Amino acid sequence: MEILAPAGGMDTIQPAVRTGADAVYLGASKLSARASAKNFSREELKEAVEYCHARGVKVYLACNTLVRDEELPEAMALIEYACQIPVDALIMQDIGLISLVRQAAPDMRIHGSTQMSVHTPKGAELLWNMGFKRVVLSRELSREEIQAIHEACPIELEVFVHGALCMSVSGQCYFSAMLGGRSGNRGACAQPCRLPFSVSGGTGHDLSLKDCSLLPHLRELEAMGIASAKIEGRMKRPEYTAAAVAACRQSLDTGTVDTQLLQQLEAVFSRSGFTDGYYTGQRGVEMFGVRSREDVLSATNKVYQAIHALYKDERSSIPITAQLSVQAGQESVLTVCDNESHSLSVKGDQPEPALKVPLTAEKCESYIRKTGGTPFCLTDFQAVVGENLSLSSQQLNGMRRQALEQLLKERTERKPVSFSAVSYPPVQTRSAKRPKYCRARFTNGDIPDAFLDCELIYVPMTLSNQVLESLMDRGFAVAVEIPRGMFGIEDKLYRRLQEIKALGITEVLASNLGAVELARALDMDIHGGFGLNITNTAAIEQAQRWGLMDVEVSFELTLAQIAALGGKLPIGIIAGGRLPLMLTRNHPADNAKGTQRDPFLQDRKGMRFPLQRYGSCTEVLNSVPLTLSDRQQEMAGIDFTVLRFSVENSVEMGEILTVFNRKLPLKPPITRGLYYRGVE
């Protein structure tokens with residue numbers, strides 16, 4: 001199993017490699033989901049790739065942010081450069097950008113980022129069918145759920161084994177975007193979840209989890225067939241990376257980790273210790289934690305100095321063989337071969353007749369074996385030495401140094417990945433039409449007759465058959481919503497969709513890649529939800545290729561950006577209701593005493609954020625409702641709107657619909673979301 005290390009800048013590459021990483025992942029100045037990390041310029045990226053490749057370490061470039069249409073050419077230029085160097089794989093999130101890369105560089109490996117929110121067998125299957133070689137799974141999975149995905153699909157699996165845990169499922173958090181205009185989906189997360197947010201009986205930091213650490217489970221993961229053990233932390237110090245890699249290396253190689261190294265790892269960064277709660281299925285209060293003053297002060301100079309010792313020298317891990325020929329009247333020749341089929345020879349002086357002690361094969365080996373200070377280790381040596389000859393130690397050492405320097409350089413040379421220019425999807429092809437249709441999403445079956453005129457109503461697929469049939473009998477056009485959080489319940493949802501289809505309901509709302517593939521398997525009509533994070537025309541076209549009927553585009557786009565989208569697939573937006581800011585597998589009230597679960601979360605200013613459970617997760621909703629009821633004349637190029645109801649009663653829902661139909665302003669407090677201010 002590969003140990004995959006984070007590299008936030010050039011100063012982390014050497015510590016990662018020297019402590020035993022098999023691969024590193026890093027970001028360029030653009031498209032990185034850790035925009036606040038140092039990241040790599042093009043020159044640094046090339047230097048990092050050459051350094052790693054020379055030492056047998058792979059490099060994965062994280063291009064795992066959402067992009068907009070106007071950013072696609074710059075993004076593709078970076079990826080073309082990545083193909084030239086070349087990197088070993090791209091870690092990606094945006095389905096539109098991915099579709100362009102598949103056209104331009106079909107031979108480039110693509111790994112699905114954890115930002116794609118893949119946590120089910122069907123989600124992994126969709127990526128495999130798209131040509132992905134690997135997927136980075138959601139961090140919230142248990143060992144049994146990981147095993148089920150591995151058994152169901154041949155795609156390689158990458159699992160986070162150490163580092164920070166977001167409260168939200170990656171790719172499904174809009175908290176930072178809504179509260180401060182800094183989008184986590186675009187690498188600019190401000191981590192507001194680490195601030196005080198509380199439920200009744202909680203600690204006051206009920207959105208803050210401890211860091212994950214699966215060090216005791218690495219051999220189990222390897223036996224399970226997991227391809228890569230990933231360490232989080234591109235924004236952390238080099239010492240953190242070194243300690244984490246060294247601990248993973250020890251755990252994987254020996255089955256245990258030195259107590260002193262574990263203490264150093266916790267000292268350099270932790271949040272009240274570590275947790276394996278998701279992996280073991282032991283979710284709850286023990287998973288929560290904050291970075292305390294004691295945590296900060298534990299990272300002393302003494303700790304850093306001890307960790308520095310872990311990577312002060314080259315790690316001699318590349319096996320080589322050597323052959324030496326020393327013959328009378330001929331130049332001496334040293335030939336070295338590595339484990340990647342590189343082979344080269346260097347020549348030295350002709351030997352002289354021995355005046356005292358003749359040269360022996362054993363003496364030659366003692367000089368050639370001195371590979372310290374290089375990444376090489378000699379595993380086999382053969383020498384053909386003529387009788388009564390002499391060759392100086394200076395000559396032997398010089399031949400060894402020259403051979404290893406040339407071999408190291410030769411190992412950096414890789415054939416570029418073929419890249420062909422692509423045509424970008426045309427934009428600004430939509431008319432200036434305003435939304436013709438209104439849809440509404442509900443959390444139960446108590447729906448007023450006023451919504452009979454809606455083009456579609458979305459209701460939970462967990463409603464009883466009796467309620468669903470009653471809604472159809474009343475004349476509603478019913479589609480069922482597949483939960484965004486499907487951890488461990490995909491089979492159950494599949495059987496339920498079969499029942500629903502038998503009732504005559506064939507339309508679904510799918511806001512997760514796994515939900516899309518689940519519905520495709522049953523040949524149902526699919527409406528793409530906001531959780532697919534559609535932000536560009538190429539993504540709309542990819543959704544159409546999957547067979548979707550229409551899509552809700554990301555609510556992180558402005559109305560002007562939405563109006564400029566191309567593609568032939570109908571598009572819509574959430575135009576009313578409380579926007580879902582987080583999708584959490586741990587309920588915030590899991591950090592509270594007692595069994596009662598608050599229906600809301602409160603920040604330090606007294607704002608309340610409703611909490612709603614659906615599927616295997618909880619949604620954290622915005623503290624105030626979004627409304628565009630009086631801004632409908634500004635919705636150019638949008639085919640339909642969605643009113644998203646959550647905490648409203650039937651009377652309130654009817655009033656909101658009336659206001660919307662009459663294009664009147666809604667009574668404050670309200671928000672316009674990000675449709676005018678946008679995100680970084």
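As a basis for the values below, the full set of heavy atoms in this structure was taken, side chains included, without hydrogen atoms, waters or symmetry mates. Because the structure is a prediction, the values reported are computed rather than measured. We count residues from 1, following the sequence as given.
Residues satisfying the side chain to side chain contact (heavy atoms under 4.5 Å, CB included) test with Asp276, not counting sequence neighbours, are Leu214, His217, Thr280. Applying the side chain to side chain contact (heavy atoms under 4.5 Å, CB included) rule to Thr12 yields the partners Ala7, Pro238, Thr241; only residues at least two apart in sequence or on another chain are considered. In this view, Ala177 and Ser183, Glu556, Leu674, Val679 satisfy the side chain to side chain contact (heavy atoms under 4.5 Å, CB included) rule, not counting sequence neighbours. With sequence neighbours left out, Glu232 forms a salt bridge (charged side-chain N to carboxylate O under 4.0 Å, His left out) with Lys236. Looking at residues two or more places apart in sequence or on another chain, you find a ring pair (Phe, Tyr, Trp, His ring centres under 6.0 Å) between Tyr60 and His111. Applying the ring pair (Phe, Tyr, Trp, His ring centres under 6.0 Å) rule to His308 yields the partners Tyr311; only residues at least two apart in sequence or on another chain are considered. Every residue was checked against the ring pair (Phe, Tyr, Trp, His ring centres under 6.0 Å) condition with Phe288, not counting sequence neighbours, and none meets it. Legend: residues meeting ring pair (Phe, Tyr, Trp, His ring centres under 6.0 Å) with Tyr51, ordered by chain and number and at least two apart, are absent.
Judged purely by atom type and a 3.5 angstrom limit, Thr275 has no side-chain atom pairing as donor or acceptor with the backbone of Met287. At distances below 3.5 Å, at least one donor-acceptor pair connects side-chain atoms of Ser176 with backbone N or O atoms of Ala190. Between the side chain of Asn64 and the backbone N or O of Ile91, no donor-acceptor pair lies under 3.5 Å. Distance alone, capped at 3.5 Å, is enough to place a donor-acceptor pair between the Arg411 side chain and the Ala54 backbone. Between the Thr254 side chain and the Ser251 main chain, no donor and acceptor come within less than 3.5 Å of each other. The closest donor-acceptor contact from the side chain of Arg520 to the backbone of Trp546 lies under 3.5 Å. Of the possible polar contacts, one joining the Tyr81 side chain to the Arg42 backbone as a donor-acceptor pair under 3.5 Å is found. Looking at Asn533, its side chain does come within 3.5 Å of a backbone N or O of Gly171 through a donor-acceptor pair.
Contact annotation: the side chain of Thr584 approaches that of Val620 to within less than 4.5 Å [non-hydrogen atoms, C-beta and beyond]. The shortest side-chain heavy-atom distance between Val59 and Leu61 does not fall under the 4.5 Å cut-off. Leu262 has its side chain within reach of Leu215: a pair of non-hydrogen atoms, C-beta onward, lies under 4.5 Å apart. At least one side-chain heavy atom of Leu100 sits under 4.5 Å from a side-chain heavy atom of Pro425. A 4.5 Å side-chain heavy-atom check between Tyr278 and Leu209 finds at least one atom pair inside the cut-off. Glu156 is listed as a side-chain neighbour of Arg109, based on a closest heavy-atom distance under 4.5 Å. Within the 4.5 Å cutoff, the side chain of Phe132 has heavy atoms near those of the Ile98 side chain. Looking at Arg484 and Pro580, their side chains come closer than 4.5 Å, going by heavy atoms from C-beta outward.
Note on residues 3-12: pairs passing salt bridge (Lys or Arg N to Asp or Glu O under 4.0 Å), not counting sequence neighbours, are Asp11-Lys38. Pairs engaging residues 69-79 under the salt bridge (Lys or Arg N to Asp or Glu O under 4.0 Å) rule: Arg68-Glu70, Arg68-Glu71, Glu71-Arg186 [sequence neighbours left out]. Screening residues 138-149 for salt bridge (Lys or Arg N to Asp or Glu O under 4.0 Å) gives Arg143-Glu220, Glu145-Arg585 as the qualifying pairs, with residues at least two apart or on separate chains.
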Please report, to 0.1 Å, the donor-acceptor pairs under 3.5 Å made by any side chain of residues 118-128, with sequence neighbours excluded.
from	atom 1	to	atom 2	distance (Å)
His119	ND1	Ser117	O	2.9
His119	NE2	Met486	N	2.8
Thr120	OG1	Gly123	N	3.1
Thr120	OG1	Glu490	OE2	3.0

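Nearest heavy atoms, Ala16 versus Val245: O-CG1, 3.8 Å. Between Ala299 and Tyr304 the shortest heavy-atom distance is CB-OH, 3.5 Å. Taking every heavy atom of both residues into account, Pro483 and Leu493 meet most closely at CD-CD1, 4.1 Å. Pro106 and Gln103 make their closest contact through CD-O, 3.8 Å (heavy atoms, listed as atom of the first residue, atom of the second, distance). Ser138 and Thr114 make their closest contact through CA-OG1, 3.7 Å (heavy atoms, listed as atom of the first residue, atom of the second, distance).
When Arg271, Arg194, Gln191 are each tested for a side-chain hydrogen bond (donor to acceptor under 3.5 Å, both in side chains) with Ser208, only one passes: Arg194.
A salt bridge is absent between Arg219 and Glu222; no separation between the charged side-chain nitrogens and carboxylate oxygens falls under 4.0 Å. Salt-bridge annotation for Asp211 and Arg291: absent, with no side-chain N of the basic residue lying under 4.0 Å from a carboxylate O of the acidic one.
For the residue pair His53 / Thr412, no side-chain donor-acceptor distance below 3.5 Å is found, with atom types taken as modelled.
Atom NZ of Lys58 has 12 or fewer neighbouring heavy atoms from other residues, nucleotides or ligands inside a 6.0 Å radius.
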